[in-house]
There are 2 protein chains.
Amino acid sequence: MSSSTKASDAKKAVTLLDVATRAGVDRSVVSRVLSDDPRLSIRDETRARVLAAVRELDYRPNALARSLRTRRADTYGLLIPDFGNPVYASIIQGAEAAAIARDCVLMTGSVGAGPAQAAHHLDVIGRGRVDGLLLAGDHTAGASLEELDRRGIPWLLVNRRLPRARRWVVLDDEEAAGLAVRHLIGLGHERIAHVAGPRDADTARRRMRGWRTAMRAAGLSTPASAAVVSDYTPEGGAAATRELLTRRDRPTAILVANIAAAIGTLAVCGELGVSVPGELSVVAVHDLALAAFLRPALTTVRTPLEKLGERAIELLASTAPDAPIEEVVTGSLELVDRGSTAPPRGAAA
Amino acid sequence: MSSSTKASDAKKAVTLLDVATRAGVDRSVVSRVLSDDPRLSIRDETRARVLAAVRELDYRPNALARSLRTRRADTYGLLIPDFGNPVYASIIQGAEAAAIARDCVLMTGSVGAGPAQAAHHLDVIGRGRVDGLLLAGDHTAGASLEELDRRGIPWLLVNRRLPRARRWVVLDDEEAAGLAVRHLIGLGHERIAHVAGPRDADTARRRMRGWRTAMRAAGLSTPASAAVVSDYTPEGGAAATRELLTRRDRPTAILVANIAAAIGTLAVCGELGVSVPGELSVVAVHDLALAAFLRPALTTVRTPLEKLGERAIELLASTAPDAPIEEVVTGSLELVDRGSTAPPRGAAA
DNA sequence: CTGAAAGCGCTTACAG
DNA sequence: CTGAAAGCGCTTACAG
């Protein structure tokens, strides 16, 4: 296995010249055969010889040399807040698949460990290693965008928008929230509270709007006190839920803006002895396999996160660097009813 | 922002020649100044001129050109089963930090989407893009190792061993399991079952051994029926737990080999009305923030997963490609008692 | 139908 | 103290 015949035999990679020599042609011929150059006319016999040599030597073109010459790295970058966040895991998977489909490579970095780590990623990216960069989530300091523009590196915001940056792709967060609210209204709820996302998060604003719009469409009120800000963590969801449940006019249902926060909501309900869904219905945005194993199993709105990642790569790869991109990935929203929602107590059957 | 002055001005990157011209020296001088070449003697004044030009032009050396010349990609690869698995999320974070500390880049790919995706990653890696490859988890078909050896690419197994591959770094899985078992024994349990990992998983075997060894050390028996195989998912943990709980000689405690599986264990207990920890104590290997928000909050053994990722990069970077590496990352194991474990019912206080 | 040459942007041994 | 040259492994316009 790892025991080579000699410690000294650092394997030299097979090069174009090796293949050419073996096939008895020039390097340029091998290159053009492999890239299917349409302007190359070559005898079938010669081509066969070339391909045989390629196969026999198991030749792979050196990606670095090729990139240096073609000025394309065939690599895309993806910056995320944190690998531990399952929402971004799905986005990565979609982006990875799309990159592979284009014969490219995806380089994913996280900035969770702080600004030094973010700076490192930005620095690396300035060295010609990527053809474009996806910026997913709420970590993108404005400065980076200017720097990327200065260096001529195309970028695209994913799952967030910025007023001054007209290149983004997002989910239909408003509709996702609306779908959840209409489900609750359909069950007979009227006092539907909202555990919202962070104040500066674009997704949070859009889900909040979806909640408000759906409520108003049904003639229900959305007092400021019915929405409590939280971050997208169990801790945050727990604190926000605790606040909602200690109010006088307790809601009969809660829309939680994010599934991680909803885990905190369920925990607090258990702790306070509030039965779900008996006394309180709970529904969250984003679906995870985990949701089926919470107690009670959590009703969610499934969102096309993988599709978001895929689409982001496609847009980045196929659009001029200075063209505006403002796309909402639609469809595929689905309410997954797992039993944490039910008609409010005392509702007419 | 993304609106350039002209659509046509594809930004040309600043090159070594640009800097040299501006500073009035040769390219090679700039290169040696930037790399702190000790064999370069240069007038302070000239050096200052060079550095000024670098700064004014905001020059970054092209990583591809440098790598082509130096034959080092300054990049490490990491292959994981699945981005959705939080255990691997921690490993990635550790590896990313260690790579950055060495001024390198980490390229992480998953093979979850099937053999075609694995093949793509292997193919890419054969093209000179990485200086070494970490293979984390149970997806590494034997064939890849031979192929990597043939191409002279150093590799290292992470969180798994293979009999014929003497290059691996793992956690102290045996001790982690033992720690959990001794905690349960200390509480007074004697019938301690084990929801084990998959039969072919190396981590599963070692945790199983840790369970068995700790039991025997306390004079307790470990009949085959006390261990049920499961995969590392809530579904698997649920099925295995269901099986254990329907037996005649029901255990009073369960050690679950993996925290994801333990989520399934808790769900089944809730469903069957088995009170935790009243009737059954549950403890799992690996810790996640989530554990504090399960009902009941889950007692776990915290493992140094980030350290595992860090150490893997260090070993890969600093060890000869054909030297054996057999390292167990020790220390940092800690029992996190959150209340899903308690003395067995009827135990002497 | 195929070959020779230039050049992508670096680094490094060698000259002067 | 600094410059000129070679070369890493490719691709591509040009020659013949």
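All chains are named by letter (A, B, ...) in the order of the sequence lines, taking the proteins before the strands, and each is independently numbered beginning at 1.
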How close or far is atom P of D:dG16 from atom CG of A:Asp26, stated in whole angstroms?
15 Å
Should the side chain of B:Ser28 and the base of D:dA4 be counted as holding a donor-acceptor pair, with the cut-off at 3.5 Å?
yes
With heavy atoms under 4.0 Å as the rule, sort B:Thr15 into base, sugar-phosphate or nothing.
sugar-phosphate
When the P atoms of D:dC1 and C:dT12 are considered, how many whole Å apart are they?
22 Å
Would you mind pulling out the nucleotide paired to D:dG16, Watson-Crick or G-U wobble, both distances under 3.5 Å?
C:dC1
Select from B:Gly24 and B:Arg27 the residue whose nearest nucleotide in DNA chain D is closer to the 5' end of that strand.
B:Gly24
Should B:Arg66 be listed as having a side-chain N or O under 4.0 Å from OP1 or OP2 of C:dT11?
yes
Between A:Arg49 and A:Ala23, is there a donor-acceptor pair closer than 3.5 Å when you use the side chain of the first and the backbone of the second?
yes
Using only modelled atom types and a 3.5 angstrom limit, is any donor from either the side chain of A:Arg32 or the base of C:dG3 paired with an acceptor on the other?
yes
Result for side-chain contact (heavy atoms from CB on, under 4.5 Å) between B:Leu79 and one of B:Val158, B:Leu134, B:Val111 points to B:Val111
Quick check on D:dT11: is either OP1 or OP2 less than 4.0 Å from any side-chain nitrogen or oxygen of A:Arg72?
no
Under 4.0 Å between a side-chain N or O of A:Tyr59 and OP1 or OP2 of D:dG9?
no
Roughly, in whole Å, what's the span from CZ in B:Arg49 to P in D:dT2?
7 Å
Between B:Thr70 and B:Val25, which has a closest nucleotide on DNA chain D that is more 5'?
B:Val25
Can you tell whether the side chains of A:Asp74 and A:Arg66 come within less than 4.0 Å, N to carboxylate O?
no
Rounded to whole Å, CG of A:Asp37 lies from P of D:dC14 at a distance of 14 Å
Whole-Å distance, A:Leu68 CG to C:dC8 P, equals 9 Å
Gap between atoms CG and C1', on A:Leu40 and D:dC14 respectively (whole Å):
14 Å
C:dT2 phosphate, OP1 or OP2: any side-chain N/O from A:Thr46 under 4.0 angstrom?
yes
Using 4.0 Å as the upper bound for N to carboxylate O, is an ion pair formed by A:Asp202 and A:Arg160?
no
What's the closest nucleotide to the B:Arg69 side chain, out of D:dC10, C:dT12, D:dC1?
C:dT12
Taking only N and O in the side chain of B:Ser67, is any of them less than 4.0 Å away from OP1 or OP2 of D:dC8?
no
Between the side chains of A:Arg32 and A:Ser28, is a donor N or O closer than 3.5 angstrom to an acceptor N or O?
yes
Give the rounded distance in Å between these two atoms: CZ of A:Arg47 and C1' of C:dC1.
12 Å
Between C:dC8 (P) and A:Arg127 (CZ): distance, integer Å
20 Å
Taking any heavy-atom pair under 4.0 Å as a contact, classify B:Leu16: base, sugar-phosphate, or nothing.
base
Whole Å only: how far is the CZ atom of B:Arg39 from the C1' atom of D:dC1?
15 Å
So, B:Glu147 and B:Arg151, do they make that salt bridge, N to O below 4.0 Å?
yes
